[in-house]
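None of the values given here were measured: they were computed from a predicted structure.
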Amino acid sequence: REFWSRLGDASPSADLEREDLALMRRIFDDRYSDRRAEGDSFAPPATTPASYLAELKRLVDEEDGVRRRRRSHFFSLAFSERDPGPLFPAAWKSSFDMASAVDVCAALAAV
(Lines give C-alpha, C1' and ligand atoms only; values in the text may rest on other atoms or scores of the structure.)
Protein backbone atom coordinates (compact mmCIF):
# COMPACT_ATOMS: atom_id res chain seq x y z
CA ARG A 1 0.00 0.00 0.00
CA GLU A 2 2.86 2.32 0.76
CA PHE A 3 4.19 1.98 -2.80
CA TRP A 4 0.82 2.93 -4.29
CA SER A 5 0.42 5.92 -1.99
CA ARG A 6 3.90 7.14 -2.97
CA LEU A 7 2.89 6.97 -6.64
CA GLY A 8 -0.02 9.24 -5.86
CA ASP A 9 2.13 11.79 -4.02
CA ALA A 10 3.14 14.90 -5.89
CA SER A 11 6.61 14.99 -4.38
CA PRO A 12 9.36 12.37 -4.53
CA SER A 13 10.12 10.32 -1.45
CA ALA A 14 13.42 9.42 0.14
CA ASP A 15 13.78 6.21 -1.85
CA LEU A 16 12.23 7.41 -5.13
CA GLU A 17 13.77 10.36 -6.94
CA ARG A 18 11.51 12.55 -9.09
CA GLU A 19 12.57 10.82 -12.33
CA ASP A 20 12.17 7.35 -10.80
CA LEU A 21 8.75 8.27 -9.47
CA ALA A 22 7.69 9.42 -12.95
CA LEU A 23 8.96 6.13 -14.40
CA MET A 24 6.99 4.07 -11.88
CA ARG A 25 3.87 6.09 -12.68
CA ARG A 26 4.35 5.29 -16.38
CA ILE A 27 4.81 1.58 -15.66
CA PHE A 28 1.93 1.25 -13.23
CA ASP A 29 -0.54 3.51 -15.04
CA ASP A 30 -4.01 2.10 -14.31
CA ARG A 31 -4.82 2.13 -18.03
CA TYR A 32 -2.10 -0.45 -18.73
CA SER A 33 -1.47 -2.21 -15.44
CA ASP A 34 -3.72 -4.22 -13.16
CA ARG A 35 -1.08 -4.72 -10.47
CA ARG A 36 -3.00 -2.72 -7.85
CA ALA A 37 -5.49 -5.58 -7.72
CA GLU A 38 -2.78 -7.71 -6.09
CA GLY A 39 -3.12 -5.59 -2.96
CA ASP A 40 -0.69 -6.48 -0.20
CA SER A 41 0.72 -9.37 -2.27
CA PHE A 42 2.27 -6.92 -4.71
CA ALA A 43 6.06 -6.58 -4.50
CA PRO A 44 7.28 -3.31 -6.07
CA PRO A 45 10.24 -3.46 -8.42
CA ALA A 46 13.74 -2.86 -7.13
CA THR A 47 14.99 0.70 -7.37
CA THR A 48 18.66 -0.28 -7.16
CA PRO A 49 21.05 -0.63 -8.81
CA ALA A 50 20.75 2.48 -10.95
CA SER A 51 21.58 0.40 -14.04
CA TYR A 52 18.35 -1.57 -13.47
CA LEU A 53 16.27 1.61 -13.45
CA ALA A 54 18.12 2.91 -16.53
CA GLU A 55 17.31 -0.31 -18.43
CA LEU A 56 13.72 -0.20 -17.23
CA LYS A 57 13.41 3.39 -18.48
CA ARG A 58 14.92 2.41 -21.84
CA LEU A 59 12.37 -0.38 -22.23
CA VAL A 60 9.44 1.87 -21.28
CA ASP A 61 10.65 4.56 -23.72
CA GLU A 62 10.94 1.92 -26.44
CA GLU A 63 7.39 0.72 -25.76
CA ASP A 64 6.12 4.33 -25.89
CA GLY A 65 7.77 4.68 -29.31
CA VAL A 66 6.14 1.49 -30.58
CA ARG A 67 2.77 2.66 -29.25
CA ARG A 68 3.14 6.02 -31.05
CA ARG A 69 4.14 4.31 -34.32
CA ARG A 70 1.25 1.85 -34.05
CA ARG A 71 -1.24 4.65 -33.41
CA SER A 72 0.12 6.70 -36.31
CA HIS A 73 -0.01 3.76 -38.73
CA PHE A 74 -3.43 2.58 -37.53
CA PHE A 75 -4.99 5.98 -38.26
CA SER A 76 -3.18 6.44 -41.57
CA LEU A 77 -4.61 5.73 -45.01
CA ALA A 78 -1.91 3.08 -45.46
CA PHE A 79 -3.38 0.85 -42.74
CA SER A 80 -5.03 -2.32 -44.02
CA GLU A 81 -7.09 -4.69 -41.89
CA ARG A 82 -5.96 -7.59 -44.06
CA ASP A 83 -2.28 -6.72 -43.63
CA PRO A 84 -1.76 -4.56 -40.53
CA GLY A 85 2.02 -4.73 -40.94
CA PRO A 86 4.97 -5.55 -38.69
CA LEU A 87 4.05 -3.05 -35.96
CA PHE A 88 1.10 -5.21 -34.93
CA PRO A 89 0.97 -8.77 -33.57
CA ALA A 90 0.77 -11.47 -36.27
CA ALA A 91 -2.50 -12.65 -34.69
CA TRP A 92 -4.19 -9.45 -35.87
CA LYS A 93 -4.06 -10.56 -39.49
CA SER A 94 -5.68 -13.92 -38.83
CA SER A 95 -8.36 -12.41 -36.57
CA PHE A 96 -9.32 -9.90 -39.27
CA ASP A 97 -9.43 -12.74 -41.82
CA MET A 98 -11.63 -14.76 -39.46
CA ALA A 99 -13.97 -11.81 -38.92
CA SER A 100 -14.27 -11.36 -42.68
CA ALA A 101 -15.02 -15.07 -43.12
CA VAL A 102 -17.76 -14.86 -40.49
CA ASP A 103 -19.27 -11.87 -42.34
CA VAL A 104 -19.22 -13.81 -45.63
CA CYS A 105 -20.85 -16.87 -44.01
CA ALA A 106 -23.53 -14.69 -42.46
CA ALA A 107 -24.21 -13.02 -45.81
CA LEU A 108 -24.46 -16.41 -47.55
CA ALA A 109 -26.80 -17.75 -44.89
CA ALA A 110 -29.09 -14.76 -45.40
CA VAL A 111 -29.50 -15.59 -49.12
Side-chain angles (χ1 to χ4, degrees):
R1 293 181 193 267
E2 184 180 333
F3 176 78
W4 299 118
S5 64
R6 283 184 290 170
L7 287 188
D9 288 345
S11 60
S13 63
D15 59 336
L16 278 178
E17 299 291 330
R18 185 174 306 282
E19 185 175 307
D20 300 339
L21 184 60
L23 175 63
M24 294 300 159
R25 285 180 179 145
R26 288 170 62 197
I27 293 170
F28 296 107
D29 184 322
D30 289 338
R31 295 174 293 178
Y32 310 117
S33 172
D34 62 355
R35 301 298 300 269
R36 284 182 195 259
E38 295 177 20
D40 292 336
S41 299
F42 173 75
T47 56
T48 57
S51 60
Y52 174 77
L53 283 176
E55 178 64 9
L56 196 53
K57 182 179 183 324
R58 186 193 68 74
L59 290 169
V60 170
D61 288 345
E62 184 179 312
E63 180 60 29
D64 284 346
V66 169
R67 191 178 299 114
R68 278 192 304 276
R69 289 190 302 278
R70 281 181 176 168
R71 189 178 303 121
S72 176
H73 181 63
F74 185 82
F75 291 111
S76 75
L77 294 175
F79 182 78
S80 166
E81 290 178 350
R82 295 211 179 279
D83 186 16
L87 289 173
F88 298 92
W92 273 44
K93 184 174 181 179
S94 61
S95 64
F96 279 124
D97 288 343
M98 287 174 45
S100 296
V102 168
D103 292 342
V104 168
C105 289
L108 289 175
V111 175

Can you sort out the partners of R35 under side-chain hydrogen bond (donor to acceptor under 3.5 Å, both in side chains), two or more places apart, ordered by chain and number? E38
Please determine whether residues L87 and F74 belong to a single hydrophobic cluster, defined as Ile, Leu, Val, Met, Phe, Trp and Tyr linked transitively by side-chain heavy-atom distances below 4.5 Å. yes
Is any side-chain heavy atom of R36 closer than 4.5 Å to a side-chain heavy atom of F28? no
Do the ring planes of F3 and F42 sit parallel (below 30°), tilted (30 to 60°) or perpendicular (above 60°)? tilted
Applying the 4.5 Å side-chain criterion to the ILVMFWY set and letting contacts propagate, would L59 and M24 be lumped into a single cluster? no
Side chain to side chain donor-acceptor pair (under 3.5 Å) pairs touching residues 51-63, sequence neighbours excluded, are R26-D61, E55-R58, K57-D61, R58-E62
Shortest non-hydrogen separation from L23 to L53 and the atoms involved: CD2-O, 3.8 Å
Would you call the rings of F79 and H73 parallel, tilted or perpendicular if under 30° counts as parallel and over 60° as perpendicular? perpendicular
Could you see if L56 belongs to whatever hydrophobic cluster contains Y32? Use Ile, Leu, Val, Met, Phe, Trp, Tyr and a side-chain cutoff under 4.5 Å. no
